[in-house]
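Below: one structure, written as structure tokens.
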Amino acid sequence: MVEIDFKAIEKKWQEKWEKAKCFEVSENSKKKKYYVLEMYPYPSASFLHMGHVRNYTIGDVYARFKRMNGFNVLYPMGYDSFGLPAETAAKKEGIHPKKYAETSIKMIMKYQKALGNSYDWSRVIASHEPDYYKWNQYFFLKLYEKGLAYRKKAPVNWCEKCQSVLANEEAESGKCWRCGEEVVKKDLEQWFFKITKYADRLISDLDKIEWPERIKVMQKNWIGKSHGTEIDFSINGEKWPVFTTRPDTIYGVTFLVISAQHPRLMELVSEKQKKEVEKLLDRIKKVKSQEEIESLEKDGVFTGSYAINPINNEKIPVYAGNFVIADYGCGVVMAVPAHDERDFQFAKKYKIPIKVVINPDSFDLNPEKMSRAYTPDGRLINSGEFNNWSNREAMDSITEYLAKKKLGRKTINYKIRDWLISRQRYWGTPMPMIYCDKCGIVPVPEKDLPVLLPEKVDFKSVGNPLASSKIFVEVKCPKCNGKARRETDTMGGFVDSSWYFLRYCDSRNKKKAFDEIKVNYWMPVDQYIGGAEHAVMHLMYARFFIKALKDLGYVKFDEPFTRLFNQGIVYKDGAKMSKSKGNVVFQTDISDKYGIDTARLFLMFVSSPDKQMEWSDDGVEGAFRIINRLIRISENLTKTSDKLQDHKINLAIKKVTEAIEIFEYPKAIISIVECLDKFSEGMSKENFGIILRMISPFCPHIAEELWEKIGKIASLSSDKNSKIPNKFSRGFISLSDWPVCDEKKIDENLEKQEQAVEKLILDLRNILKILEGKGEKKSQIKIFVIPNELEIYKNANKKIEQIFGMKTEILSIKEAISTGKKIQAKPGKPGIFLE
RNA sequence: GUGGGAGUGCCGGAGUGGUCAAACGGGACAGACUCAAAAUCUGUUGCUUAGUGCUUCCUAGGUUCAAAUCCUAGCUCCCACACCA
């Protein structure tokens with residue numbers, strides 16, 4: 001075999017693609033548009049590992065597939081280059097974040113280009129460039145004008161290690177999503193986007209998009225819409241609303257619990273109880289630092305205040321408790337120990353009375369003997385005029401009753417909080433806001449955008465380096481021209497990623513964030529590809545942002561990503577492959593040895609793109625062999641084909657096309673490989689051209705090389721159907737047409753025939769093996785088939801002779817009968833006679 | 001705890017009611033080629049047998065003429081959410 005210089009082939013075609021601008025696209029096309037996008041990566045200064053290679057290849061295969069299928073495919077790449085890691089690196093290594101980001105981008109780009117992906121590199125963006133972040137500021141101002149961006153003081157998540165606040169979504173079970181540090185609550189003035197206003201639309205529009213069900217469920221849960229009733233309890237003569245989803249249990253309330261973190265808790269605490277409450281707060285603080293809050297016991301103390309239940313004027317104690325969340329509902333709950341497990345535990349612990357108001361149908365509950373709360377449905381007792389109602393039916397009636405008396409109202413509650421976008425960090429988009437002692441908060445006028453991030457700042461200072469930059473902070477008020485100061489917080493990176501896919505549509509526009517015609521042409525993204533870890537972060541924020549932009553008139557669609565595909569994670573040694581864990585296999589580890597096409601083919605072959613995979617080198621060789629086989633066949637092409645070959649090839653077209661469409665790449669590759677196997681001794685040029693095109697999304701370089709070698713395509717008959725005139729393909733397989741299945745050439749009978757013969761050969765092998773074991777030698781094979789199957793087996797003798805080297809005859813069973821032999825033949829199972 | 005997913009032959013991994021002893025790849029074994037090896041090609045890879053029969057797809061039951069595939073219970077693993085009133 002000739003040594004193949006894969007490196008040279010890769011380089012050659014990558015250069016050719018670039019020179020010919022193969023993958024650069026514009027809106028001026030008669031073809032239908034298709035937008036394929038991978039989540040843009042955070043550039044870190046390292047090599048790509050197999051996890052990256054896999055992700056990018058998944059998208060590239062799809063983009064190439066769609067392109068060959070006659071779509072005008074936008075497939076861009078860019079970089080999420082703002083963010084904390086660059087800043088940390090800057091502090092640690094003394095490199096400026098900008099330098100760090102730009103070096104990293106150069107590196108990662110180099111490696112991405114070596115993958116041979118069909119990106120339109122002319123559109124590349126990086127979020128740290130003023131050309132980009134200027135528009136973050138612009139949109140921020142627009143949202144501010146509409147009241148969708150606002151500033152307020154609120155208890156927020158603070159990460160001590162990152163020295164910044166975090167959005168709710170970024171505090172995963174009380175820990176920072178980046179560094180894992182325990183998050184603490186702080187009361188700070190911060191900027192928010194009003195995502196809560198879109199909560200309903202974010203839920204209902206999920207029906208419009210084709211996303212994995214689990215992502216939709218996660219978003220729904222995160223938004224956490226629940227219908228309920230707000231009931232006003234009076235405490236110390238003041239109205240305190242309480243949210244509940246169980247108004248039917250209102251008569252069973254025996255105490256209230258206010259969250260220990262509630263900002264107004266102290267208003268309820270009596271002088272006498274102050275010490276006790278403070279002790280509770282201390283206990284809770286200690287618990288904060290502990291790993292597991294899950295096993296936490298209910299803890300609380302009496303505040304010294306009493307509340308009046310509005311429905312029956314009962315006087316009930318108010319407790320402060322650790323299990324009530326301050327910022328959900330009203331931060332105060334009405335406790336019904338008989339019918340809520342948490343309330344029950346609390347009541348037992350503090351010996352608070354338990355009052356049953358719902359009885360099961362079959363018996364009566366005894367509050368003295370209950371060992372746990374009764375939570376199912378039943379009929380009401382001890383409930384005044386609602387006695388004997390079914391509790392379900394009473395829910396609405398009780399709410400109406402309260403509403404009529406102005407003691408309560410129907411409400412909807414959401415778990416989702418407004419999106420906190422401020423970060424006390426340097427390396428992000430500066431907020432275009434100014435504080436003036438006279439005029440208050442003043443937005444930077446549009447004409448002054450972008451507010452540039454100053455390069456010279458002191459990274460050694462504590463906290464946000466921006467805050468110590470006088471040139472940046474000190475500014476004149478745009479309104480009164482007086483002394484004022486700039487906002488020194490920057491925007492979290494999820495703002496950048498909320499609209500970057502719009503910028504790709506018109507990434508070089510200096511005057512606008514994007515041209516609306518262009519954006520409305522390309523958007524929405526038809527196929528988005530990325531990890532599931534962004535389910536309630538990026539994927540939620542981007543949906544909100546697009547909805548807001550639609551309301552502001554910038555875009556015409558509701559949802560940014562029509563289809564979403566979650567790729568699986570690559571593991572090694574039981575952990576996610578990542579630089580920080582040190583369990584990486586680099587792109588070059590494989591590509592240096594076998595070429596990048598082998599790496600691509602292997603990754604797409606070895607497991608489904610949506611499945612997590614454990615990395616193993618076993619099998620890389622297999623992928624390499626497939627490519628070599630392809631090359632070998634290319635040296636052995638015939639002018640003509642036969643029916644069986646045409647049948648197999650056309651069947652493969654059908655299977656491969658269907659499989660790629662739904663990301664079942666391994667299946668597609670199997671179908672191709674089966675053809676290679678079947679016709680390893682030679683294939684018609686035409687059929688080989690089909691195979692080449694089908695494998696080209698997986699192995700684009702070698703496919704181009706062989707495509708060129710076998711002398712192009714013009715003669716290929718399937719090109720008659722071509723949607724792309726040959727002159728547009730310019731000789732590139734990457735721009736050629738996807739083969740079209742010729743149904744007429746698919747002949748199921750050939751398939752049956754082949755299988756029948758194969759079964760026969762298998763049987764023969766079996767028999768011969770057994771006979772060999774017995775030491776019997778035979779030299780002739782006679783196959784007796786039932787008369788109407790003669791056609792199926794008629795050519796089998798040649799093949800059998802070839803394999804076994806024995807004279808073989810195919811005969812009708814009638815002849816066996818006439819010669820008096822005791823041979824049986826059944827349909828699909830001819831009689832075999834050896835002598 | 002709640003919700004979701006998964007458990008297939010030595011390994012990875014197809015397969016969702018019959019055409020399944022179970023695709024495809026890896027590995028292993030045997031043979032061909034070779035002085036030899038690599039590469040390549042051919043075959044074997046649950047047990048059995050003149051092409052048969054038998055036992056298998058986490059475990060135990062069940063539905064069905066028929067189950068890896070459907071139902072029930074249990075075990076194990078993974079992921080997400082986590083006291084949301």
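Owing to the predicted nature of the structure, the values given are computational and were not obtained by experimental measurement. Quick note on labels: first sequence line is chain A, next is B, and so on, each numbered from 1.
In terms of position on RNA chain B, the residue among A:E681 and A:V536 whose nearest nucleotide sits closer to the 5' end is A:E681. When each of A:R629 and A:G619 is assigned the nucleotide of RNA chain B bearing its nearest heavy atom, the one mapping closer to the 5' terminus is A:G619.
Figure legend. B:rU69 is base-paired to no nucleotide; pairs are counted as Watson-Crick or G-U wobble with both atom distances under 3.5 Å. Under the Watson-Crick and G-U wobble criteria, each requiring two contacts below 3.5 Å, nucleotide B:rG17 is left unpaired. In this structure, B:rG27 and B:rU45 make a Watson-Crick or G-U wobble pair, each of the two defining distances being under 3.5 angstrom. Across every strand in view, B:rA39 sits unpaired, with no contact that passes the Watson-Crick or G-U test at under 3.5 angstrom. A 3.5 Å limit on both hydrogen-bonding distances identifies no Watson-Crick or G-U partner for B:rC57. Nucleotide B:rC84 has no partner under the Watson-Crick or G-U criteria, as no pair reaches both atom distances under 3.5 Å. Pair assignment for B:rG9: none, as no Watson-Crick or G-U wobble contacts are both less than 3.5 Å. A 3.5 Å limit on both hydrogen-bonding distances identifies no Watson-Crick or G-U partner for B:rU64.
A close approach under 4.0 Å does occur between a side-chain nitrogen or oxygen of A:R625 and OP1 or OP2 of B:rU40.
With sequence neighbours excluded, no residue forms a salt bridge (charged side-chain N to carboxylate O under 4.0 Å, His left out) with A:R372. In this structure, the side chain to side chain donor-acceptor pair (under 3.5 Å) partners of A:K759, at least two apart in sequence or on a different chain, are A:D763.
Spacing of P atoms, B:rA80 relative to B:rG25, comes out at 34 Å, to the nearest Å. Using atom C1' as the reference point in both B:rC41 and B:rU48, the two lie 30 Å apart (nearest Å). A gap of 11 Å separates the C1' atoms of B:rC54 and B:rA21, to the nearest Å. When the C1' atom is compared between B:rC58 and B:rU69, the two are found 15 Å apart, to the nearest whole Å. Taking the C1' atom of each, B:rA36 and B:rU45 are spaced 27 Å apart, rounded to whole Å. Taking atom P in both B:rC24 and B:rA30, the straight-line distance is 23 Å, to the nearest Å. The same atom, C1', is picked in B:rU59 and in B:rA68; the two are 14 Å apart, to the nearest Å. Here the separation of B:rA50 from B:rU42, taken at their P atoms, is 28 Å to the nearest Å.
With respect to A:E314 and A:K355, a salt bridge is recorded, a charged nitrogen being found less than 4.0 Å from a carboxylate O.
Protein atom NZ of A:K415 is 11 Å distant from nucleotide atom C1' of B:rU2, rounded to whole Å. Remark: P of B:rC84 and CH2 of A:W222 are 14 Å apart, rounded to the nearest angstrom. Regarding A:E621, its CD atom lies at a distance of 13 Å from the C1' atom of B:rG25, rounded to whole Å. Atom NE2 of A:H227 is separated from atom P of B:rC84 by 18 Å (rounded to the nearest Å). For the pair A:E169 CD and B:rA80 C1', the computed distance is 15 Å after rounding to whole Å. A:M395 places its CE atom 12 Å from the C1' atom of B:rA85, with the value rounded to the nearest Å. Here the P atom of nucleotide B:rA23 and the CD atom of A:Q755 are 13 Å apart, to the nearest Å. Atoms CG (A:N628) and P (B:rA38) sit 17 Å apart, rounded to a whole Å.
Across all strands shown, A:V257 has no heavy atoms under 4.0 Å from either base or sugar-phosphate atoms. Using a 4.0 Å heavy-atom cutoff across all strands shown, A:T245 reaches sugar-phosphate atoms only and no base atom. Residue contacts shown for A:G224 are absent, as no nucleic acid heavy atom lies under 4.0 Å away.
If you take CG on A:N628 and CD on A:E621, they are separated by 10.0 Å, rounding to the nearest 0.5 Å.
A:F602 pairs with exactly one of A:F698, A:F624, A:W615, A:Y594 by the ring-ring contact (aromatic ring centres under 6.0 Å, His included) rule, that one being A:W615. Checked options A:D248, A:T249, A:T244; the residue passing with A:R246 is A:D248 (criterion: side-chain hydrogen bond (donor to acceptor under 3.5 Å, both in side chains)).
A salt bridge (Lys or Arg N to Asp or Glu O under 4.0 Å) check over residues 657-671 of chain A, counting only residues at least two apart or in different chains, returns the pairs A:K66-A:E661, A:R563-A:E661, A:E664-A:K667. For residues 213-227 of chain A, every residue pair satisfying the salt bridge (Lys or Arg N to Asp or Glu O under 4.0 Å) rule, not counting sequence neighbours, is listed here: A:D200-A:K225.
Ring orientation note: the planes of A:H262 and A:W240 are tilted relative to one another, at an angle of 30° to 60°.
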Reading nucleotides 8-18 of chain B from 5' to 3' and marking B where a protein heavy atom lies under 4.0 Å of the base, S where only the sugar-phosphate is that close, and - otherwise, the string is ------SS---
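Scanning both residues, A:S226 and A:Y328, for their nearest heavy atoms gives OG-OH, 3.0 Å.
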Run A:K410 and A:D396 through salt bridge (Lys or Arg N to Asp or Glu O under 4.0 Å) and show every step you take.
CA-CA 9 Å; A:K410 209 175 172 137; A:D396 280 344; 3.7 Å; yes
Evaluation steps, salt bridge (Lys or Arg N to Asp or Glu O under 4.0 Å), between A:K648 and A:E754:
CA-CA 11 Å; A:K648 287 274 179 197; A:E754 208 203 358; 3.0 Å; yes
Please list, pair by pair, any protein nitrogen or oxygen found under 3.5 Å from a nitrogen or oxygen in nucleotides 43-54 of chain B.
residue: B:rU49; atom: O4; partner: A:N766; partner atom: OD1; Å: 3.3
residue: B:rA50; atom: OP1; partner: A:K774; partner atom: NZ; Å: 2.9
residue: B:rG51; atom: O2'; partner: A:D763; partner atom: OD1; Å: 2.3
residue: B:rG51; atom: O2'; partner: A:D763; partner atom: OD2; Å: 3.3
residue: B:rG51; atom: O6; partner: A:I832; partner atom: N; Å: 3.3
residue: B:rG51; atom: N1; partner: A:P830; partner atom: O; Å: 2.8
residue: B:rG51; atom: N2; partner: A:P830; partner atom: O; Å: 2.5
residue: B:rU52; atom: OP1; partner: A:K829; partner atom: NZ; Å: 2.8

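Of the candidates B:rC83, B:rC24, B:rG26, B:rC83 carries the atom nearest the A:R342 side chain, counting heavy atoms from C-beta on.
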